[in-house]
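Just below is one structure, and these are the notes that go with it.
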There are 2 protein chains.
Amino acid sequence: MARAQFDKQQVLENASNAFWRLGYNATSMQTVVAETGLKPGSIYLAFGNKEGLFKESLDFYTQQSLAKLEAILTQYDNAEAAIPHILMNLINESCQTEYCSCFLVKSQLELNADQTELKEYVSQQLRKVETLYQSYFLKSHSEEEASARAASLMVHIFGIRVYGYHSHSKEQLIAAARIGLPWLIWPNNA
Amino acid sequence: MARAQFDKQQVLENASNAFWRLGYNATSMQTVVAETGLKPGSIYLAFGNKEGLFKESLDFYTQQSLAKLEAILTQYDNAEAAIPHILMNLINESCQTEYCSCFLVKSQLELNADQTELKEYVSQQLRKVETLYQSYFLKSHSEEEASARAASLMVHIFGIRVYGYHSHSKEQLIAAARIGLPWLIWPNNA
DNA sequence: CTATTTTTTGAATGATCACTCAAAATCTTG
DNA sequence: CAAGATTTTGAGTGATCATTCAAAAAATAG
C-alpha cells in the first residue's frame, strides 16, 4: 500500500483557515486548491467532497480550541478563576485587525435550514465546548448550576465574538463581561 | 415618465427574507428572481446589482427592527423596564422552529475582509440599533454609563441570537439574561 | 391620438462552481 | 528489482453564477 504523500494536518490547517476567513459558501474548491497546493483529485480522494473537507476542517479547529482551553483550565484551581483568563484572551484577540471571529460561530450562523447535516455537525462542535466548561463547573456545583453557568458563559462568549467582529472597544467588552459574569473570580487589576 | 410598476416594498420584503434565510453568498440572483417574481432586467434596473439589492434589503430590515424596538421602548417609562420585554420577545423568537437568528448578525459574520464595503454597511446598521438603546439610556445616565449599558446589552443580544440558533433552552437564556443584566428592571414572574 | 420616455421581458453570456477520470507517478511488498 | 496497490496529476465536465441587452410593452406628455 502506498501511503499518502501530503501532510494531512498541514492541509487541514490551510483549509480550515480559508473556510474560517471566507466562510463555507464563499470558499471555492479552487481556492482550497490554491491554499493547500494540492490538486483537485488528491483532495477528493482524501476528503470525498467539499462537505467532507469542511467537516474535517471543523474537527481540526475544534480539537485545537479545546486543547487551548484545557491548557488554561488546568493551570488554575477552579474554573471560576481560569475563565477570566480565557475571556481576556478572547477580548484581546477580538481587537486584532485581522480578527475574524470564531470559525464555529461563523459557520453556525452561515449554514441554513437546507444544510441540516452540516449545521447539526457545527452544533455538535459548539456543544463540545459548552460540555467542557460544564464538566469543570460540575467539580464544585450541582448539575443544574453547572449547566446554567455554562450556558451563561456561552452566551457571553458568543456575544463577545460577534461584538468584537465589528467594534473594537476593549474596555467596554471587559466591563460587560465583569458585570455579566459576576460569579467568576476576576483579578483586581483592569 | 413611466412609473415603476412593481411594489418595491413587497420586493424588498421578499428579497430580504431570502438573504436573511440563506445568507448573501448562498442567495443567487436566480433565487431572488423566483422569490420576487421580477425578471432579472427589472431587478438590475431598480437596484443596480446584487450588492445594491442587498444593501436595500438591509435597510428594509433595519428600519422595521428599529420601529418595533421604538414601539416597545415608548410603552414604558424608562429603558430599563422596557428592555426585559424586548429580550423576552427575542428569547421566545429563538425557540421557534423556523428561527433564523438576526439578519444583521448573520450578515456581519458572513461578510469577510474582502467585502469591506458591504461589511462596513452592516456594521452601520448594527450601530444604529446600539445608538438607539444608548439614546434611551442617556435620559437618566451619563454618556459613559449609557454607552457601557448599551454595549453590555448588545453583547447579550448577540449572544442570545447565536445561542438560540443551535439550542432552544428558553429557561437558561432567561436566567443568563437576568444574571448578566442585573441593572434592568425584571418582572417578578418567570 | 402621437411621440417620447421608461419599464419589462427573458433568452443569452462568459465566468466560475463542485467535481471527475484516465494516465502517469510513486510507494510497498516480496 | 519486479509486480501490485495507491496516490497524484490537471485538463475537462455540466451546472450554476451574476449580469446584459435588444426588443416589446406600458406609461406619460402634449
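Chain identifiers are assigned alphabetically (A, B, ...) following the order of the sequence lines, protein sequences preceding nucleic acid strands; residue numbering begins at 1 within each chain. No experiment lies behind these values; they were computed from the predicted model shown.
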side-chain hydrogen bond (donor to acceptor under 3.5 Å, both in side chains) partners for B:Ser94, two or more places apart: none
Whole-Å gap separating C1' (D:dT6) and CG (A:Leu45): 8 Å
Test applied, ring-ring contact (aromatic ring centres under 6.0 Å, His included); reference residue, B:Trp20; option that passes from B:Tyr61, B:Phe54, B:Tyr99: B:Tyr61
Heavy-atom protein contacts under 4.0 Å, nucleotides 15-22 of chain C, coded B base, S sugar-phosphate only, - none: --BBBBB-
Side-chain donor or acceptor of A:Thr27 paired with backbone N/O of A:Gly23 under 3.5 Å: yes
Protein-nucleotide distance (A:Phe6, atom CZ; D:dT6, atom C1'), rounded to Å: 12 Å
Contact list for DNA chain D against residues 8-19 of chain B - heavy-atom distance below 4.0 Å: none
Qualifying residues under salt bridge (Lys or Arg N to Asp or Glu O under 4.0 Å), relative to B:Lys68, sequence neighbours excluded: none
Within residues 136-146 of chain B or reaching into it, pairs that qualify as side chain to side chain donor-acceptor pair (under 3.5 Å) - sequence neighbours excluded: B:Glu70-B:Tyr136, B:Glu80-B:His141, B:His141-B:Arg149, B:Glu145-B:Arg149
Between C1' of D:dT20 and CZ of B:Phe47, the distance in whole Å: 18 Å
Close approaches to DNA chain C from residues 52-60 of chain B, in residue order (heavy atom, under 4.0 Å): none
For A:His168, side-chain hydrogen bond (donor to acceptor under 3.5 Å, both in side chains) partners two or more places apart: none
Value in whole Å for how far the P atom of C:dT8 lies from CG of B:Asp7: 12 Å
side-chain hydrogen bond (donor to acceptor under 3.5 Å, both in side chains) involving B:Glu117 - partner list, sequence neighbours excluded: B:Lys55
Rounded interatomic separation in angstrom, taking NZ from A:Lys39 and C1' from D:dA11: 11 Å
Qualifying residues under side-chain hydrogen bond (donor to acceptor under 3.5 Å, both in side chains), relative to B:Gln134, sequence neighbours excluded: none
Partner set under side-chain contact (heavy atoms from CB on, under 4.5 Å) for B:Ser123, not counting sequence neighbours: A:His166, B:Gln108, B:Glu120, B:Arg127
Pairs satisfying salt bridge (Lys or Arg N to Asp or Glu O under 4.0 Å), at least one member in residues 81-107 of chain B, at least two apart: B:Glu93-B:Arg161
Results of side-chain contact (heavy atoms from CB on, under 4.5 Å) for A:Phe60 - residues two or more places apart only: A:Gln9, A:Leu12, A:Glu13, A:Ser16, A:Gln64
